[in-house]
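First comes the structure, then the notes that go with it.
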Protein chains: 2
Amino acid sequence: MSATIEDVARAAQVSVATVSRALRGLPNVAPSTRERVVAVAKELEYVADPTASRLAGGQRLVIGLVVPMLGQWYYAKLFSGVEAVATVAGYDVLPFTTSGPGGSQRFVQQLPFRKRVDGLILADAPFDDAQFTAVARTGVPMVSLGAFAPGVSGIAVDNVAAAELAVGHLTALGHTRIALIGGSPDDPFRFSVPVDRFHGYQEALRAAGLRFDPTLVVPGNFSADGGAEAMHRLLLAPTPPTAVFACSDEMAIGAIQVARDAGLRVPEDLSVIGIDDHDISAYVGLTTIHQDVIGQGERVAHLLLDRLRSDGEIDVLHERHPTRLVVRRTTAPPPVGDPPAGRRG
Amino acid sequence: MSATIEDVARAAQVSVATVSRALRGLPNVAPSTRERVVAVAKELEYVADPTASRLAGGQRLVIGLVVPMLGQWYYAKLFSGVEAVATVAGYDVLPFTTSGPGGSQRFVQQLPFRKRVDGLILADAPFDDAQFTAVARTGVPMVSLGAFAPGVSGIAVDNVAAAELAVGHLTALGHTRIALIGGSPDDPFRFSVPVDRFHGYQEALRAAGLRFDPTLVVPGNFSADGGAEAMHRLLLAPTPPTAVFACSDEMAIGAIQVARDAGLRVPEDLSVIGIDDHDISAYVGLTTIHQDVIGQGERVAHLLLDRLRSDGEIDVLHERHPTRLVVRRTTAPPPVGDPPAGRRG
DNA sequence: CTGCGGCCTGGAAGCGCTTGCAGGCCGCGC
DNA sequence: GCGCGGCCTGCAAGCGCTTCCAGGCCGCAG
């Protein structure tokens with residue numbers, strides 16, 4: 001196999017303790033000794049076995065990232081942001097997914113992260129209070145993303161405000177029948193996010209003096225497929241909306257396609273606005289609310305690392321990340337008179 | 001802290017050796033003893049520390065996934081596929097990115113995976129022969145994705161054939177000036193993929209009796225931004241192409257937008273075809289070559305796990321994954337007569 | 001009744017590293 | 001010239017598991 005610390009010690013004619021100290025830059029090593037050890041280590045292509053260091057050092061050097069799923073745009077970006085800063089700090093990042101079979105229930109029951117991570121990032125964690133408490137009871141340091149919890153630091157965009165911004169844009173254009181495509185009530189993930197955006201939606205309607213119509217609220221599952229299906233539902237209504245606020249860009253894109261297939265022009269007959277500013281949103285002309293997902297990932301990782309370094313008590317802080325409206329080509333004033341009753345079997 | 005194996009041993013009045021055996025389902029434990037140990041472990045909420053097991057057991061239970069970057073659609077899907085099967089088998093998956101500062105050079109020099117992983121999945125590894133040898137020399141079992149290397153098992157779609165399929169679709173429609181948006185010659189990642197697709201492109205032109213025009217080949221960097229820029233370049237040509245084959249759907253989408261901004265109708269004036277069948281491609285009507293990325297991730301993970309289990313020699317096998325043409329609404333016969341010289345400052 | 005083989009169990013030696021502690025050496029000040 | 005404090009260094013005890021090996025016990029066959 002490859003060289004162990006003992007091989008290096010022997011070759012450099014020092015003890016393993018000295019090798020350990022020399023290679024890690026600890027004090028109390030004579031410069032000449034250190035040089036020799038470093039040279040030998042290089043010669044032997046020695047690298048320390050992280051498993052052994054971690055056991056001996058009492059640190060796992062791993063941070064867990066709890067997400068509903070990987071593979072979706074938002075979480076992939078998030079992961080890459082987190083990974084970038086964690087790597088620099090010498091930590092690995094280990095993903096835990098809470099959707100899929102068993103879901104968050106399984107996560108909370110098995111607490112699969114115990115003894116595996118030094119800290120946890122809970123991203124859009126779909127936990128109720130009891131579940132959250134169960135996780136917190138393990139004593140593993142954690143930070144949250146996407147929502148705030150008492151006692152744990154976290155960052156999030158103001159989803160209520162973001163939704164208000166989106167819907168406010170539509171009301172300002174003159175729309176009065178505005179639909180919401182969001183998560184489902186029993187959404188297995190992104191728990192607070194769709195709820196907050198729903199509240200922002202209601203708030204914006206109220207601010208514009210519009211009546212809330214529950215038939216205009218449909219679930220979309222945060223995927224393009226879900227958005228498409230939601231749009232189908234909306235077009236079946238006796239008087240379809242003239243504008244749609246989708247709680248993610250993927251859903252918005254799915255919805256737009258269905259509307260166009262049904263003969264509606266976007267934005268002339270139907271305005272659509274999303275949230276996220278997905279990489280390709282600019283290229284489909286989608287009006288949306290921008291947020292910096294990678295930046296959030298980097299920031300939340302730093303938050304956790306700070307927490308880990310100063311293991312003494314640190315202030316819990318709840319940080320809001322900015323969002324902004326990006327107007328492109330899928331929103332416009334509503335059609336004058338009755339909207340064309342475009343529909344589709 | 002939380003319970004150790006010793007706590008369990010004491011509480012169950014057995015030795016730690018017996019606890020270890022009982023909890024892992026090893027033979028030579030009396031049923032009554034096993035029951036008692038299991039009960040005590042549950043009572044104490046004991047879980048084994050993986051760091052310690054790994055050290056003692058001599059296995060890292062980690063597989064490394066070497067990708068150009070996380071956060072891009074293809075690699076995010078891949079990651080989720082790999083992660084799903086690795087998790088079931090008890091392995092963690094640790095990503096290593098080769099683009100970014102230092103790039104693959106750094107990866108090969110530092111061999112950062114040494115002593116950290118039991119095996120490696122090289123996805124679109126941008127290594128030249130020397131680099132590849134350096135990696136192989138570590139003796140870490142590995143499998144490849146996206147390209148084949150002698151002596152290591154791997155899976156890949158037939159990129160040459162996929163490109164031929166795409167370009168063949170365009171030539172069959174009657175196009176004669178077909179551009180290629182691919183990676184750059186000095187592309188820091190996805191080494192063989194753009195090359196193979198380039199060859200397929202050339203092959204399809206030849207099969208159709210068309211002349212290869214190097215001015216119609218532009219780099220696109222595999223992002224929507226890059227695709228947009230590439231399209232700009234193409235539109236500047238004296239006689240722009242009537243069709244574009246983009247080596248990824250993101251690039252295709254970027255290209256389409258630029259073309260439309262320039263006044264070209266897609267597909268009437270310009271046909272565009274991509275590759276991947278990105279989640280949202282269906283919703284922007286993009287004609288493309290479909291491949292099952294998650295499935296590839298699952299498969300390649302299985303391949304590696306099989307290799308790890310049977311540590312004896314196993315046959316190296318090179319497996320092709322299927323692709324298929326999905327015709328949607330961005331390809332059509334070329335315009336009759338001169339194409340409108342749509343252009344843009 | 002004695003002997004032998006199997007089944008369980010515990011002791012103890014690691015796995016490869018970190019770190020507390022003690023000891024050796026040297027230089028300086030008195 | 002002697003003593004004390006610093007600087008280096010090595011010893012050895014872990015970190016929390018796994019696993020080899022030896023030994024005890026019991027049942028069965030001879």
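Of all non-hydrogen atoms in A:P50 and B:K115, the two that sit nearest each other are CD-O, 3.7 Å.
One interatomic measurement links the two molecules: CD of A:E35 to C1' of D:dT9, which rounds to 17 Å at whole-angstrom precision. To the nearest angstrom, P of D:dC25 lies 18 Å from CG of B:N28. Distance B:R34 CZ to C:dT9 C1': 13 Å, rounded to the nearest Å.
Using a 4.0 Å cut-off between charged nitrogen and carboxylate oxygen, B:E43 and B:R36 do not count as a salt-bridge pair. We find that B:D92 and A:R116 are joined by a salt bridge, their nearest charged nitrogen and carboxylate oxygen being less than 4.0 Å apart.
Atom-to-atom distance recorded for A:R307:CZ and A:R309:CZ is 13.0 Å, nearest 0.5 angstrom.
Under the 6.0 Å cut-off for aromatic ring centres, B:F113 and B:F107 qualify, their centroids lying closer than that.
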How would you summarise protein contacts on nucleotides 16-22 of chain D per nucleotide, using B for base, S for sugar-phosphate only and - for none, with heavy-atom distances below 4.0 Å?
BBSBB--
